[in-house]
Amino acid sequence: MVELVKEFASGIYNLLLGMVTTSKHLTRHAITIQYPKERWDIPARSRGMVVLLTDHETGKLNCTSCLLCEKACPSGAIDIEVFKDENKKRHLQGFVVDFHKCCLCGLCEESCNFAAIKMATTYEYPEWDKAKLIYDKDMLAKAGYDVPYEKPVRKKKASPPSKKAASPPAEIKANTAPTSESAPEPAPTPEPNAETTPANSPEAASPSPAPESKEEAKPIDTSETDKSAPTETDNSEDKN
Amino acid sequence: MNPAELTAYITSNFSGQLETVENDQAEPYFIVPLSDLVPFSKFIHDDPQLELNYLMNMAGVDTGEQFEVVLNPCSLVNMQRLFFKVVLDRGDPKFDTVSNLWAAANWYEREIWELYGFEITGHPNLKRFLLPDDWDDGFPLRKGWVGKNVIPLPEK
Amino acid sequence: MGIISKLPVFTENLPGGGLVTTSLNQILTMTQAKSLWYLLFGTACCAIELMATGASRYDFDRLGMIFRASPRQSDLMIVAGTVTYKMAPIVKRLYDQMAEPRYVLAMGGCAIGGGPFYYDSYSVLRGIDKIIPVDVYVPGCPPRPEALLQGCLEVGKKLRTQKLEDWSGPKNESR
Amino acid sequence: MELYPIFGWLDGLLEKVGITGPTADLITLVALAAMVFGLLSLIALFLVWWERKISAHIQQRFGPMMAGWHGVLQTVADAVKLIQKEDIVPTLADRKVFFWAPVICFVSAFAAYIVIPFGEGLIVSDLNIGILYIIAITTFTVISLLMAGWGSNNKYALIGGMRSAAQAVSYEIPLVLSILGVVMVAGSMSMVDIVESQSGWGGFRWNIFFQPLGFVIYLIAATAEANRTPFDLPEAEQELVAGFNIEYSGMKFAMFFLAEFVNMFTVSAIATTVFLGGWNGPFLPSWIWFLGKTLAIVFLLMVFRWSFPRLRVDQLMEFAWKVLLPLAFLNILYVGVFAKWLNW
Amino acid sequence: MTQDLHTEKMVINMGPHHPSTHGVCRLILTLDGENVVECEPVIGYLHRSIEKICENRTYAQCIPLMDRFEYVTSMSCNWVFALATEKLTDLEIPERAEYLRVIMTELNRIASHLLCIGVTGLDLGALTPFLYTFRERELILDLFEMTCGQRLTYNYIRIGGVSQDIPDEFIPKCREFLDIFDEKVDDYEKVLTENPIWMARNKGIGVISKQQVYDFAISGPSARASGVDFDIRRDDPYSVYDRFDYTIPVFEGGDSYDRYRARVQEMRESAKIIGQALDQLPGGDIRAKVRAMFKPKAGEVYSRIENSRGEMGIYLLSDGGKKPVRVRARGASYNHLLIIPEIIKGLKIADLVAIFASLDVILPEIDR
């Protein structure tokens, strides 16, 4: 009997405790973000969309059509069309990212050695029409026009006007040895670069964490490259 | 018992033929003849020294050359692990059920039956459960299988 | 359709009926947009984000969206996640069971076009638009809750472009 | 029929126009019914919004924000939208039963308001069996739920309907018994008499102070009657998808939905009338007291809903028959003894 | 006369679209009134053929797919696959990476348990705890997004390490979270644990005996609630788990209530582990040197880790090429769903919901 009463009393007490706990929250402030009006600070690393980056100096895409991202993509969402001219130079003809298939894993960004493809934080791109979710080169470039990025350290700025100068170093080829057929042909000989060689060793050229630390890399970038780099970072900061 | 002792214990105490495979994993590895699957399972399940009473995993394998069934029992009493497999006849893949020893094997075997098409004698409930009921497109996990609905990843 | 759909036919014949119809149309579509009850239906990863969107931080209720477990009472079907061939007939049936006007939002890559399972998969339906009409596609894998909210607002926008007269509910027999 | 000020005013108006006699009575009645209906619809709309707001704030979110100021028009939008929705009748449903279920539910929910005194003199009809009438009429809801469950030809709906019938039958008894204690004290079944028996003491001679046990029993049983968590088994979303209303869409669903909230208001209003002294209270106008008390009970029911898990169906029955019923009898015994002794 | 009175048995399809089947599972129930006479699960509505797809992907590409193998604890999925390949390769994992893996996986374990407890509440009709648990879950997801850019499918733990180092603000934010977390768990417990309705709904429901744990290969909190003291983190150690001081909660009842309590306890323990890991977090590399086209040695391995539901394992067969020959993913829910027909007999539908929720059955793990 005593047990029963005790149990009953503790039951009532705990029911009340639950009600008090919930009622207490009535007075607390809501944690809701009122989405269209307020926006959440999206972390810089957030992966929302694949974009192509543009070099603001030259107005051209950073992409060298090395096809690494296409190979890295686990869902086959990237489709690159390359046109080889008579000098066996590679020109980017088409670049399609199919957001029907893209799983936003970020492997394409990691595989890229030229800061050409990036996961932007954009997340609002719903469409009424399914076909519009297949982004072609221009759309991707437009989406990525304002996206800040830092050039990979290894990139030599010797000849800024020509993007082809910074063609893939030979190490990349070694990297993708099994399918070297499609590996890019370095048109001009890559300039040997003292500080970049370690970073370019076959092992580290794979998705390497080093260029990921976005904010820190910027100053290094500007200090190591010559006159062209500061303007570029300025550019990208202006846009933001 | 460490893996070496365990291997020794099992080979000395089990009457059938066992093939021990050397590998650098921390667990003994056996290839059991197909006919000895159930006796061996029974032995390791019931032996008081082993008591491998917990079937972690059971998988059908098609290596391209041969069909195998891999079993990974483990003991929750003395925390030992074992890795053993049987090689099936490629022409007539068939093995006896172990689901009366480890109840967990029930679904593992059902899945193997469904996705690999290995025949399992004595299984209590062989019914399709992963694929659609009206599936008539073969056994998808076999190597070289090409299904009607599959679009292969373009070679890049 | 309820009785309301017959109203425009009636008002059109009145003097100044065009104006009445237009404003009526506006009011009715606005109420629809403000009260999109969604079907609690998730299959895969996106379902977790769908739940997160319903939770405190993003709060579907703010937009007037509450979940209904029964398709009869829901206006918006958020297909959250992968749809397999085994699941496809059920998705179709759920859509058929919904009452007009009904809208479909495809959430995430898998629902839009198969996502990472497009290639090499023997069991994934490549896009739910093969079985049901889709109004808005929200890409992402899974989309952020904000993206989903944006998609729902987009559904609201889309349905406001519709005319009352257009809503002649298909008489589907398989209900 | 006692004519309250509002009746008099209407009658006067009609006399001026030149309508007298039975026609005038009829018009008055219809007008009154429309008023009650309008008021209740307003209240129901408000309650839906309020519930959503309270649940939201308990859960640290905002609730409806987009329709009107802080979403006050949300329920209106919902209602208008529901009217637009297609009205589906499942092919294999029992059409007549399917059609009448929401109507009966809706009507019975509203019919109870004939005898509820919203304030001093604000009652449609002061029946001398008022409380009995309410109990009888609210029970119709159960029939409608059972009809909905049967008529839908859906197994989940059927289970929901059966559950609701079993539940209502079980909880009706403690509910009536707890009210009986008050009736014994008041010596009348008329709602006005019950309220008036609690006047005095500066407006604080409420039954809850004399019969706290009765009040608790009533509250629990009323929660069950109104199908609210922790007793919302008929439409247990997680077990039965949506319970009895699983096949209903559009306006019919709106009827069920509104009736649910009207029912909640009804049980709270009865609790106010019977236990909290109705319109009695100092200083403020009577209807404010009544509404305030009722909304307080509604608030309590809402906090219940958002705090507690749901009982299982057999536990629900056990609780009704093994706990509530003996307690209700105990309460009657106590009231009988003390009423005689203290001569309340 | 009374012999003639009998009720008709009703066959009811619970799912695939049902709010409390946690995904797309269909249970064919034979009911006698409200009592479940028979229950037959039908799965496969989410069978996405991940195993087949993995056979056509490189090892690095398998990891995003593994995210989707069990999306509630994607970190564990990433890890168990990485662990399997590492076992075949003899990679030396940097210590910092190991610690980061532990931190992330334990955070993910908390997130998963929060989901489970919230959903259990939801299934039993208590809606508010669900919202509370999701509130805290969002904080964890913030940490994840800050680190690896995604909220649910992380692709963070890679072969040989982790993909990115944590940002600077991670550690203070994580500590902030850990500081408030205990108090928040108290909140849920106030609403649920001792609540008489909660106890009535969960106590003595779905009792799994010790023998059944062995037979059906039940693992994780569900096994520990049945008195089997088994935790892979301790009994089959991997990574740096031996460096932390934590207890493994074991309960004897084996019912839904104990499973719930085990999870609550485990969340607190996980929080402890994260605290210690943050204290001990060493500097250094976060990733071993791995070739872009990673090729493990030929061989086969079964590796397993403890995720929030129990044992998660990967059987991996490699022929030394760049693609795996066979990947079999084993999830704990597979066995947990298998046991439901055994323990549900004679109980009510409402109990089925409680058991389903308390075993934390998640369908992708079963269907893959």
Side-chain angles (χ1 to χ4, degrees), chain A residues 22 25-26 28-43 45-51 70-79 96-109 119-135 139-140 143, chain C residues 44-46 49 53-63 65 82 103-121 124 126-130 133-159 161:
Chain A
T22 47
H25 283 84
L26 258 177
R28 295 193 193 162
H29 198 264
I31 56 162
T32 309
I33 301 160
Q34 305 210 39
Y35 163 66
K37 283 184 241 155
E38 300 167 16
R39 264 153 212 272
W40 188 247
D41 268 347
I42 306 288
R45 287 181 187 178
S46 183
R47 305 198 293 257
M49 183 187 206
V50 180
V51 295
E70 192 179 8
K71 262 177 247 140
C73 182
S75 46
I78 300 178
D79 196 3
V96 175
V97 175
D98 186 349
F99 285 105
H100 303 170
K101 298 172 199 153
C102 177
C103 65
L104 303 175
C105 58
L107 286 180
C108 49
E109 180 186 353
M119 307 297 294
T121 55
T122 324
Y123 54 84
E124 297 155 302
Y125 48 114
E127 290 290 350
W128 296 5
D129 184 7
K130 181 175 170 177
K132 283 187 187 160
L133 280 175
I134 301 176
Y135 276 48
M139 289 159 89
L140 289 168
Chain C
C45 338
C46 295
E49 284 298 70
T53 319
S56 296
R57 186 182 282 178
Y58 300 102
D59 195 10
F60 258 141
D61 203 10
R62 212 161 38 78
L63 309 181
M65 300 175 67
T82 322
Y103 306 96
V104 178
L105 187 151
M107 179 182 180
C110 302
I112 296 172
F117 311 108
Y118 185 89
Y119 290 118
D120 289 329
S121 172
V124 171
R126 294 170 180 88
I128 54 159
D129 57 330
K130 292 191 173 163
V134 182
D135 291 289
V136 171
Y137 298 87
V138 179
C141 195
R144 289 180 61 83
E146 285 105 323
L148 180 59
L149 289 177
Q150 173 71 20
C152 294
L153 294 174
E154 207 64 35
V155 173
K157 245 186 239 167
K158 181 165 187 179
L159 69 88
T161 61

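Predicted model, so just to flag it, every value in this text is computed and none were measured. Each chain gets a letter, A, B and so on, in the order its sequence line appears, and its residues count up from 1.
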Steps toward side-chain contact (heavy atoms from CB on, under 4.5 Å) verdict (C:Tyr119, A:Lys101) = CA-CA 9 Å; C:Tyr119 290 118; A:Lys101 298 172 199 153; 3.2 Å; yes
Taking only residues two or more places apart in sequence or in another chain, which ones pass side chain to side chain contact (heavy atoms under 4.5 Å, CB included) with A:Arg47?
-> A:Met119, E:Gln150, E:Asn155
Stepwise side-chain contact (heavy atoms from CB on, under 4.5 Å) check, C:Arg62 with A:Thr32 | CA-CA 9 Å; C:Arg62 212 161 38 78; A:Thr32 309; 3.7 Å; yes
Which portion of C:Asp135 sits near chain A, non-hydrogen atoms under 4.5 angstrom = backbone
Options C:Gly113, C:Gly140, C:Gly115, ranked by heavy-atom pairs under 4.5 Å with chain A, top entry | C:Gly115
Between C:Tyr118 and A:His100, does a side-chain contact (heavy atoms from CB on, under 4.5 Å) hold up when you go through it step by step?
-> CA-CA 9 Å; C:Tyr118 185 89; A:His100 303 170; over 6 Å; no
One option among C:Leu63, C:Ile112, C:Val136 has the most heavy-atom pairs under 4.5 Å with chain A, and it is C:Ile112
Measure distances from A:Asp98 to the heavy atoms of chain C and classify the residue's part below 4.5 Å as side chain, backbone, both or neither.
-> neither
Please report the closest heavy-atom contact between A:Lys130 and C:Arg126, naming both atoms and the distance.
-> NZ-O, 4.1 Å
Max heavy-atom pair count under 4.5 Å with chain A, selected residue of C:Pro142, C:Gly151, C:Ser56 | C:Ser56
Which bit of C:Leu148 is near chain A, if near means a heavy-atom gap under 4.5 Å: side chain, backbone, both or neither?
-> neither
Nearest non-hydrogen partners of A:Cys102 and C:Cys141, listed with the distance = O-CB, 4.1 Å
Residues in salt bridge (Lys or Arg N to Asp or Glu O under 4.0 Å) contact with A:Glu127, at least two apart in sequence or another chain | none
From CG (C:Leu149) to CD (A:Gln34), nearest 0.5 Å | 11.5 Å
Nearest heavy-atom neighbours spanning A:Pro126 and C:Gln150 = CG-CG, 3.7 Å
Flag if over 12 foreign heavy atoms under 6.0 Å of CG, A:Asp129 | yes
How far does CZ of C:Arg144 sit from CG of A:Leu104, to the nearest 0.5 angstrom?
-> 11.5 Å
A:Ile31 versus chain C, heavy atoms under 4.5 Å apart: side chain, backbone, both or neither?
-> both
Before giving the answer on side-chain contact (heavy atoms from CB on, under 4.5 Å), spell out for A:Trp128 and C:Lys157 the whole-Å C-alpha distance, their side-chain angles and the decisive distance to 0.1 Å.
-> CA-CA 10 Å; A:Trp128 296 5; C:Lys157 245 186 239 167; 4.2 Å; yes
Mind ranking C:Asp129, C:Val138, C:Asp120, C:Val155 by heavy-atom pairs under 4.5 Å with chain A and telling me who comes out on top?
-> C:Asp129
The single option from C:Cys45, C:Pro116, C:Cys110 that satisfies side-chain contact (heavy atoms from CB on, under 4.5 Å) with A:Cys103 is C:Pro116
